[in-house]
Amino acid sequence: MSVFVVVVLLLGAVFNVVTWPTFLRRVARDPRARDASGARTRFYTVHLVLVVLALAMSALFVVAAIAVGATGF
């Protein structure tokens, strides 16, 4: 069971690290990301917060996977 949990946690971490930065690059190119003067909009800020949270969760997933792997759950 613990091997399954470790694999799921690591897959979740890899998915977040691969997917979310790509998503942020697409958001940054979106015309809604900047206003007429070139300043970042709430659209960009909200998505940036989502990406930062997802990457922080990835770090927690890795820590949890190490903890489960070391203790055997």
> Which is it for Leu50 and Trp20 under the side-chain contact (heavy atoms from CB on, under 4.5 Å) test, yes or no, and what are the steps along the way?
CA-CA 9 Å; Leu50 289 173; Trp20 285 100; 4.3 Å; yes
> To check you understand the geometry: which heavy-atom pair defines the closest contact between Val18 and Thr22, and what is its length?
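The answer is O-OG1, 3.2 Å.
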> To check you understand the geometry: which heavy-atom pair defines the closest contact between Ala13 and Val62, and what is its length?
CB-CG2, 3.8 Å
> If you take all heavy atoms of Ala65 and Leu9, which pair is closest and at what distance?
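For Ala65 and Leu9, the tightest heavy-atom pair comes out as N-CD1, 3.6 Å.
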> Check whether any side-chain heavy atom of Phe61 sits under 4.5 Å from a side-chain heavy atom of Leu11, and report yes or no.
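No, their side chains stay 4.5 Å or more apart.
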> For the residue pair Ala33 and Ala28, what are the closest heavy atoms and their distance?
CB-O, 3.9 Å
> Is there a donor-acceptor pair closer than 3.5 Å between any side-chain N or O of Ser58 and the backbone N or O of Asn16?
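No.
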> Any sub-3.5 Å donor-acceptor pair from Ser2's side-chain atoms to Val68's backbone N or O?
no
> How long is the straight-line distance from CG of Asp30 back to OG1 of Thr41, given to the nearest 0.5 Å?
8.5 Å
> Measuring from Arg40:CZ to Asp35:CG, what's the distance to the nearest 0.5 Å?
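CG of Asp35 is found 12.0 Å from CZ of Arg40.
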> Please give me the minimum heavy-atom distance between Val27 and His47, naming the atom from each residue.
CG1-CB, 3.9 Å
> First locate atom CG of Leu48, then atom CZ of Phe43, and finally report the distance between them rounded to the nearest 0.5 Å.
12.0 Å
> Using the side-chain contact (heavy atoms from CB on, under 4.5 Å) rule, take Val51 and Leu55 through it: C-alpha gap first, then chi angles, then the decisive distance, then the call.
CA-CA 6 Å; Val51 171; Leu55 294 177; 4.0 Å; yes
